[in-house]
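Everything quoted here is computed from the prediction, not taken from an experiment. Residue numbers start from 1 in every chain, and the chains themselves are labelled A, B, ... in the order their sequence lines are given, proteins ahead of strands.
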Amino acid sequence: MFRIRFHGRGGQGMKTASRILGTAFFLEGYEVQDAPRYGAERRGAPIFAFVRADRRPIQERGIIRQADLVVVADDSLVPVPAADVLAGCDANTVLLINSFQSAEVWRQRLNLQGPILTLPAMEDVEDRAELPYVGAACAGAAAGLSGVIGQTSLEQAIAEELGHLGAAVIAANLERASNAFQSLSEQAGLVKPGRTFSAEGWQTPDWIELPFEQADVSAPAIHAGLTSEAIKTGAWRTMRPLVDYARCNRCWWVCSTFCPDGAIRVDEERYPQIDYDHCKGCLICVAQCPPHAISAVAEHLAAEGVES
Amino acid sequence: MNETAFKNVKSLPSSHLLGTGTPMCAGCGGLEALHEIYDVLGEKSVFVNAAGCMTLLAVYPFTPFRGSWLYTAMASAPAGAQGIRDALDILKQKGEIEEEEDLQVVTLTGDGAAYGMGLSATSGVIERNLDFLYICYDNEGYGNTGQQYSGATPHGAKTATSLGLSGFAGYKKPLFDIWAAHRPAYVATVIGAEPLDLARKIEKAKSLKGPRLIIALSPCPTGWDFDPKESVNIGKLAVKSGVWPLKEYVDGQVVHTKLPTRRLPVVRYLETQGRFRHLFEPERQEGLLKEIQQRVDEYWAAVTC
Amino acid sequence: MKRRLLTGNGAAAWAARLAGVDYVPAFPITPQTEIIESLANWIDRGEMPGRLVTLESEHSMLTAAGAAAATGVRVFSATSSQGLLYAMEMLYTVSGWRAPFVLVNVSRGLSSPITLEPDHNDILAARDSGFLQIHCATCQEVLDSVLLAYRLGEDNRVRLPVLVNMDGFYLSFTREPVEVPEAEAVAAFLPSFQAGEIRFRASAPESQAVAVLGGGPYSYFRYETHLAARIAIQVYDELADVFEQSFGRRHAAVECYRCEDADYLFVMIGSFATKARAAVDSLREAGWSIGLLRPRLFRPFPEAQVRRLLAGRRAVAVIDQNLSFGAGGVLYAELAAALYGEKAAPPVLASFVGGLGGRDIPPEEFYEIARLIRDAAERGETPPPRLLYTEAELRETRKLQAIAKVERAGLGAKS
């Protein structure tokens, strides 16, 4: 059975990618299961979707823990703990990252046993939340790597899944998917159908007896305020607001008041300080700042700037 | 009111459609209003009922209705009306039933359902512009369970859950205004003790399309504690004292159908009922009586038509 | 017949469309929304006739559904979890109106704490409501079961509403290949609703759902409803044959997967049962004599079939995705009741609770369950009920409790 996971951000089309790939497998005569993982499907937030394909009816269900192929649509997600991109990756897992950086860089960075490939399928766009056609490209790449999906099935799958969007959108997606498909032609078949589970031997589950605990402990209550600050929603951000303090007129309230997340604090000098751990990148501050002292830069570029 | 078949009391029907033999209390003001309404409405109707005194109108195998009836639950009788109305429309549209098989869909609830639990369902059907008639028999408390206070209970009334010296601390909810704020086709207050006014209003409601809602104040010998024979007298006093304004909302306007030129003092109404006896004895509670009168006066001071 | 990829929600919507439903009272709730969105869009675009009305609550939705069914149209609705519970008064109420319709429930765990992920406490809360219950394991079954449910509920011997259940996420949002039958084939299997005397008409006064005084008539009406539900077992079996002749797929009241000669059985309902099937395959390959028993029909409960299929086994593991607080697994109790007095009852009937709130049950847990019941059979004693819960999961929960500022002093010993 093929087990394939797509990781991306809300808005990047991972559900579409899984559906295109699922339909392409199906057109090749495979039994298929595809599903998005719904949850915090907010724009920019990490999400994933998955596909199972087999020659026999599929009995397995739910999230794929150990995938044969993991496709990452946005390389900035790789280091984000909440995205859990590398979950279950082992020597048999092919990791395909949509990235301008080389596969070699990623190999050194991640130190994984399995093969790592890159797919520079990104358009030159600032805002990664609006990466066009990346879902189709990821599906095309995965189809190519499986080695069992022909280009005709891939194209038909795109036409079926995106049919409601009109001919122009289909054509553009077809082109990106075909490019990705062909760019990996030398690697066709690199992804192999994964293991079948065996009951010859298994790791005994570490089951425990849940201890009785009184309601003051065991009721689902949070006994403190502000605990949500442990959630680093900055990982959702694809565009970063930057304050030009030379332009800031120290109005003291506009950006800070309108920030829905309360992620802008005004300091004693009446300058705004943005909490990048939590700023989701909505850019209301950019839109509202009276002297236009806040500008938006692509998060992946800003992050690289910080690193270098 | 123009073009009415009910020119005067003599034009009211003298033979009646609603059957006898129901288990409603002797002297029930709600049943009186219902049978007057049914005479005008006619038997081509289906009553969708919510939990309340009138749930017991149809007790297997007895029904006083010539037409149909569906008991639902306390909160959702208007939604039951929605289901039947929609289904009848679908059947007509598909040509599966003839026009003459169609029914007027009528929701029948007490004040407990109308003022409280069923208010959200009522708001929903008005918002969806359901073509139906809603009749609330309002006896100002949860009567079927022994007259505990409800959202319809008047200030100061003694109920099984407001037995203190001051009676019920809250104020009767302005259901007429709440309904009218939704801008339905028609809203009216009626009382069985004023049958001509009632008949004309039901006649008008029947002629309109969309949500039409009626509140019938229902003097309740059991819950209000009075001799059953006084039921109509007390109903008349409710109108004459200004406690129960007879009015209608139509086309965005509220019009009073009876403007009492010389209102009787409210005490004349209150003193007829055991539920207000604590206002008069052992000591007369002047403060409370004054407040009740004042509220009625304030209401009428704002009335222009 | 066209085979295509559909989610469980999509399959339910397609079934409603193919069944030619007249009326869809609706209210949105995750994970059911795709069903009513699909129907609303099809109706808006004129691709299917019918009328969809969004009410202001599930309680009203069920009232409108029952009232419309009692007026004689074919009704479909769908809900989930809290919505099913909010409608619960009306579930019990409308079943007594003896007017059939189909309600799809997309199973989701119940509050508190609130969750979006599936288990079966919602649907089992409706166990005694008078709605018949069909539990699906695949998206195909969702489509087929809705069609079957109309035939079953509308059968004159039955005349009861039917709940068709699928698991949230695992079926509702998951696409699988589904054979969508042709409209003509469906029309042949399921003709339009012949409501007969289920009606409100000017020419035929009808008082429905009236009060009764006294336990005598009350018991009569209630027990007759019970007998109608009991007859539904036989009717279901007949319809399963007709369905198979019409569409080539068999949906027995009780699925028996590789269990003819099995010494050991898993018993489950819902989509996780396919995981059990996979485990059965692996265990069979490793030499085990094991199978799966899956009641599809849960109300009425086909206990004669269940009893017959369980008789003579060495040990049975019942895996409940639900929890009756203070008692344990609901399916387990049902099976135990069915087996009482059966001479060849399996000596070991073991209870496992797992998959609560969408918690996965991985293959090794099925294998371990198999080992536990085999060992129990050898010892001749039934093991105590077990929650499928690992030390690693408790460690994770402890981390959350630390953030929630739970007093560590109160935590149990095994943390």
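Heavy-atom pairs under 4.5 Å with chain A were tallied for C/Thr274, C/Thr30, C/Leu171; the largest tally goes to C/Thr274. Top candidate by heavy-atom pairs under 4.5 Å with chain C, chosen from A/Thr227, A/Ile63, A/Val51, is A/Thr227. Among C/Thr7, C/Leu387, C/Leu388, the residue with the largest count of heavy-atom pairs under 4.5 Å with chain A is C/Leu388. The most heavy-atom pairs under 4.5 Å with chain A, out of C/Pro177, C/Pro113, C/Ala278, come from C/Pro177. Interface check for chain C: of the options A/Thr23, A/Asp206, A/Asp216, the most heavy-atom pairs under 4.5 Å are formed by A/Asp206. Top candidate by heavy-atom pairs under 4.5 Å with chain A, chosen from C/Tyr389, C/Trp288, C/Phe272, C/Tyr170, is C/Tyr389.
Neither the backbone nor the side chain of C/Ile290 comes within contact range of chain A, judged by heavy atoms closer than 4.5 Å. At a 4.5 Å heavy-atom cutoff, the contact between A/Glu161 and chain C is made by side-chain atoms alone. Within the 4.5 angstrom heavy-atom criterion, atoms from both the backbone and the side chain of C/Thr138 approach chain A. With a 4.5 Å cut-off on non-hydrogen atoms, A/Ser198 touches chain C through its backbone but not through its side chain. Looking at A/Ala219, neither its backbone nor its side chain comes within 4.5 Å of chain C, counting heavy atoms on both sides. Looking at A/Glu200, both its backbone and its side chain come within 4.5 Å of chain C, counting heavy atoms on both sides. Heavy atoms closer than 4.5 Å to chain A are found in the backbone of C/Glu407, but not in its side chain. Looking at C/Glu364, the atoms closer than 4.5 Å to chain A (heavy atoms on both sides) sit in the backbone and in the side chain alike. Looking at C/Arg386, only its side chain comes within 4.5 Å of chain A, counting heavy atoms on both sides. Of the atoms belonging to C/Ala370, not a single heavy atom falls under 4.5 Å from chain A. At a 4.5 Å heavy-atom cutoff, C/Ile361 makes no contact with chain A through either its backbone or its side chain. C/Glu393 does not touch chain A: none of its heavy atoms, backbone or side chain, sits under 4.5 Å away. At a 4.5 Å heavy-atom cutoff, the contact between C/Pro363 and chain A is made by side-chain atoms alone.
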A/Thr204 and C/Arg371: CA distance, side-chain angles, deciding distance, side chain to side chain donor-acceptor pair (under 3.5 Å) verdict: CA-CA 10 Å; A/Thr204 308; C/Arg371 175 151 69 192; 3.2 Å; yes

Go through it in stages, so that I can follow the logic: the residues are C/Ile114 and C/Arg108, the test is side-chain contact (heavy atoms from CB on, under 4.5 Å), and I'd like the CA-CA distance, side-chain angles, deciding distance and then a yes or no. CA-CA 10 Å; C/Ile114 195 159; C/Arg108 168 182 145 190; 3.8 Å; yes

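Here salt bridge (Lys or Arg N to Asp or Glu O under 4.0 Å) pairs that include residues 6-26 of chain A, with residues two or more places apart or in two chains, are A/Arg9-A/Asp74.
The residue from C/Glu368, C/Glu391, C/Glu365 that alone fulfils the side-chain hydrogen bond (donor to acceptor under 3.5 Å, both in side chains) condition with A/Trp207 is C/Glu365.
A/Asp68 CG to A/Arg5 CZ: the interatomic distance, rounded to the nearest 0.5 Å, is 10.5 Å. Annotation: the span from C/Ser289 atom OG to C/Arg374 atom CZ amounts to 11.5 Å, rounded to 0.5 Å.
Annotation: side chain of C/Glu255 is not in contact with side chain of C/Leu293 (no heavy-atom distance under 4.5 Å). You'll find the side chain of C/Trp14 reaches within 4.5 Å of the side chain of C/Leu6, heavy atoms only.
Side-chain contact check for C/Ser38 and C/Asn41: no donor-acceptor pair (N or O, by modelled atom type) lies under 3.5 Å. No side-chain N or O of C/Arg175 forms a donor-acceptor pair with one of A/Ser18 less than 3.5 Å apart. Donor-acceptor pairing under 3.5 Å is recorded for the side chains of A/Arg195 and A/Gln66. Between the side chains of A/Arg61 and C/Thr174, no donor-acceptor pair is found at a separation under 3.5 Å. Using modelled atom types, one finds no donor on one side chain facing an acceptor on the other under 3.5 Å when comparing A/Asp261 with A/His278.
The aromatic rings of C/Phe169 and C/Phe173 sit perpendicular, their planes meeting at an angle over 60°, well past the 30° parallel limit.
Applying a 4.5 Å heavy-atom cutoff, the residues of residues 25-36 of chain A that approach chain C are A/Phe26, A/Glu31, A/Val32, A/Gln33, A/Asp34, A/Ala35, A/Pro36.
C/Asp119 places a side-chain N or O within 3.5 Å of a backbone atom of C/Gly357 that can act as its donor or acceptor partner.
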